[in-house]
Amino acid sequence: MTGTVEPGFSLTQAQAEIAEQDWDAWVLVTAGAGTGKTTTLLHRLEFLTGVEELEASEILVLSFSRAAVRELRDRVDRHAVSARRVRAHTFDGWASSLLYQMDPHRGDLGGTSFDDRILMAIDAIDAGVIESFENGPPSHIVIDEVQDLVGVRREMVEVLLDRLGRHCGFTVVGDAAQSIYGFQIPDLTQRAAETNRFFDWVRATFGDELLEASLDENFRARTPDARAALHLGPKLQALPSAGDAARAEGVRLHTELRHVLGTMPSFGSLDDPFVQSSLREYDGTAAILCRTNGQVLWLSEQLNKYQVAHRIQRSPRTRPAPAWVTELVNATRSSTMTEAQFTEIYGSLPDTIDQAGRVWRSLRKVASSPNNRLDVGALVKAVAEERLPDELTAIPVHPLVLSTVHRAKGLEFDRVIIVEQDALDAGDKDADSPSEARLLYVGLTRARDDLYRLSLPRLWEMRNAQKSTKIARWYVGGREKWMRRGVEASERDVNKTVPPGYPDGAVVRDIQTHLREVVQIGDAVELHRLHDLPMAPDQTPPYGIIHEEREIGEVSECFRRELHRLLQPFPRAEVMSWPESISGLRIDLVESVAGSDVVTERAGLITQMWLAPRLAGLGRFHWRGDSKESEVRV
Ligand SMILES: Nc1ncnc2c1ncn2[C@@H]1O[C@H](COP(=O)(O)OP(=O)(O)OP(=O)(O)O)[C@@H](O)[C@H]1O
């Protein structure tokens with residue numbers, strides 16, 4: 001039966017055997033890139049709901065990133081029949097919803113980090129909270145991409161399986177060759193200890209009753225180029241986890257993978273109009289994959305210069321609430337809503353991404369009210385606490401994606417262009433060569449058809465501020481150490497404590513209309529310094545966000561503090577001048593924000609929600625009296 005789910009092909013025998021295990025089986029699947037792990041999981045879900053007759057609510061599906069969750073959801077939507085209602089969660093999204101489910105009235109989630117929430121969820125699972133829920137514990141747990149379970153997330157899944165695994169089935173799948181998120185553990189020795197740790201734990205805990213399966217055949221790659229790196233998968237899976245042997249083997253495999261990339265055709269130079277039009281006019285999905293975010297930012301600036309539309313792939317952690325949530329809440333004049341009222345309003349909203357029935361069910365997960373109604377206040381609270389279900393925080397995909405390899409994990413594209421990488425230094429004890437090799441392998445295995453290499457000039461001016469200032473941003477430096485010429489925009493850069501234009505009600509409403517009706521994803525924006533007075537000794541003056549000559553928001557305290565720190569030649573030094581404006585930034589999206597009722601009442605808004613822009617890209621500094629980009633002198 002499972003062979004019929006996805007049109008155009010049947011499952012292989014090995015895939016079908018995994019998909020058709022009994023609901024209470026313990027299954028561990030380890031398999032290489034593109035062998036159909038996610039596809040097999042999709043069929044597994046269909047089998048569990050269709051043949052084993054589990055309810056969607058009895059199956060818990062967890063995965064690493066929102067991109068992977070989205071991929072699984074899209075495939076379920078396209079191909080599944082009985083598994084339609086099964087929803088996947090990221091580890092972070094699920095931890096938040098678990099804590100909320102424990103106590104919908106709790107007020108301690110706002111402001112907590114995702115790691116904090118994971119730790120709180122571990123304590124709750126350990127204390128037996130899942131068994132106490134009305135629906136009871138899940139009958140089957142499915143986890144994708146387990147190779148990237150490290151640190152607290154690994155601990156959470158272990159506690160979960162330890163506690164519930166004996167009474168339910170599970171299917172966990174992963175590929176040790178694609179483990180690339182180890183960097184979340186900064187210490188190299190600890191990180192090495194995390195490699196394959198989850199696989200070992202599952203084997204040790206479930207012993208002989210664990211059914212181990214593997215998949216060998218690659219289906220993603222349809223051309224010899226796209227297949228060129230696959231033979232190195234088994235070697236990467238077998239990499240020693242620590243020590244000199246691991247380092248040496250990592251360097252050797254990285255060299256081999258670079259050689260594979262070197263045999264691919266060059267994509268050419270971005271300043272060549274032919275290359276630009278080939279990016280603009282390609283009619284499949286394409287990705288340019290970079291090693292660092294600095295390369296992504298630089299390339300994005302180039303593509304903007306040549307008017308090649310694209311999208312920067314976001315961090316898997318960000319969870320923006322889409323703009324339509326504000327529209328929905330504003331259009332509701334009562335504290336609860338029926339499904340019929342919701343469907344009518346939702347149908348009239350622009351830029352929605354899913355069918356009303358499914359969105360309704362997702363919203364009810366965080367804001368249910370008796371008699372199948374939606375609790376509007378609870379929805380506002382869920383937005384304020386960044387607790388919207390993963391599927392609602394997805395954004396429309398773009399045909400040309402610019403991404404680090406990290407963020408492209410689990411995804412596939414018709415055409416992949418990989419930025420060429422330097423050779424590793426075999427003597428560098430601080431380099432994590434096994435991770436570097438796995439990273440390049442992940443990049444080389446994302447393509448269905450075409451694989452190209454792209455060589456970039458040496459981007460000596462792109463610097464990661466993390467090393468010198470502990471600020472998680474890239475900036476543009478100069479020939480001298482103290483020079484500053486630009487900075488990366490991050491998702492934390494817009495002031496979301498008050499609506500743009502606050503406290504003037506007329507201005508606030510005007511900006512809301514502009515954000516709703518005029519501002520588009522990818523539009524150019526500039527930051528203009530509003531006056532010369534620093535906001536605090538450790539902050540720059542405020543900057544307004546200008547879109548088509550209108551101010552549509554103000555930068556956040558975080559931005560002012562980090563910009564100030566970046567402009568200091570050394571800690572505690574005085575900053576003598578601030579850029580007059582910062583150009584080159586783009587609208588990442590317009591998102592929904594929830595704030596205090598005191599603020600929204602004062603601003604004359606009808607609800608506690610408003611729209612705010614999110615910024616992306618690389619901003620270039622401009623100084624007073626200087627029309628072109630310049631360098632700060634402090
Ligand atoms: N039996 C099959 N016959 C034909 N195509 C298949 C089969 N199984 C999977 N595919 C296709 O192969 C591609 C890769 O599958 P999938 O994404 O499930 O692999 P994966 O193992 O999860 O990949 P990765 O770990 O590299 O992200 C998909 O386009 C999928 O539709």
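In each ligand, atom 1 is the first atom listed, and ligand 1 is the first ligand listed. Residue numbers count from 1 along this sequence. In this text, all values refer to a predicted model and were calculated from it rather than measured experimentally. Note: hydrogens, waters and symmetry copies are ignored here, and every other heavy atom, side chains too, is used.
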Are any of the N/O atoms in [X] less than 3.5 Å from those in ligand 1?
{"X": "G36", "result": "yes"}
{"X": "S10", "result": "yes"}
{"X": "G34", "result": "yes"}
{"X": "E412", "result": "yes"}

R387 versus S96, side-chain donor and acceptor atoms under 3.5 Å: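 On atom types as modelled, these side chains do not qualify, holding no pair under 3.5 Å.
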
E52 and H140 side chains, donor-acceptor separation under 3.5 Å: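 Side chains of H140 and E52: no pair found under 3.5 Å.
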
Is it true that a side-chain atom of D225 and a backbone atom of D449 form a donor plus acceptor pair closer than 3.5 Å?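 No, D225 side chain to D449 backbone: no donor-acceptor pair under 3.5 Å.
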
Going by heavy atoms, is [X] under 4.0 Å from ligand 1?
{"X": "G410", "value": "yes"}
{"X": "E145", "value": "no"}
{"X": "T35", "value": "yes"}

Can you tell if the side chain of [X] reaches within under 4.5 Å of the side chain of [Y], non-hydrogen atoms only?
{"X": "R291", "Y": "D422", "result": "no"}
{"X": "R153", "Y": "D92", "result": "yes"}
{"X": "F199", "Y": "E212", "result": "no"}

Check K409 against ligand 1 and report side chain, backbone, both or neither, counting heavy atoms closer than 4.0 Å.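 Answer for K409: neither.
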
Please list, in number order, the atoms of ligand 1 under 4.0 Å from a heavy atom of [X].
{"X": "A33", "result": "26 (O)"}
{"X": "T39", "result": "8 (N), 9 (C), 15 (O), 16 (P), 18 (O), 30 (C)"}
{"X": "G32", "result": "21 (O)"}
{"X": "Q178", "result": "24 (P), 25 (O), 26 (O)"}

For atom 20 (P) of ligand 1, the option (of Q13, K37, R222, E217) bearing the nearest heavy atom: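 Result: the heavy atom closest to atom 20 (P) of ligand 1 is in K37.
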
Using a strict 4.0 Å threshold on nitrogen-to-oxygen distance, state whether R319 and E386 make a salt bridge.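 So R319 does not pair with E386 through a salt bridge.
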
Under 30°, 30 to 60°, or over 60°: which ring-plane class applies to F206 and W26, parallel, tilted or perpendicular?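 Taking W26 first and then F206, their aromatic rings stand perpendicular (interplane angle over 60°).
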
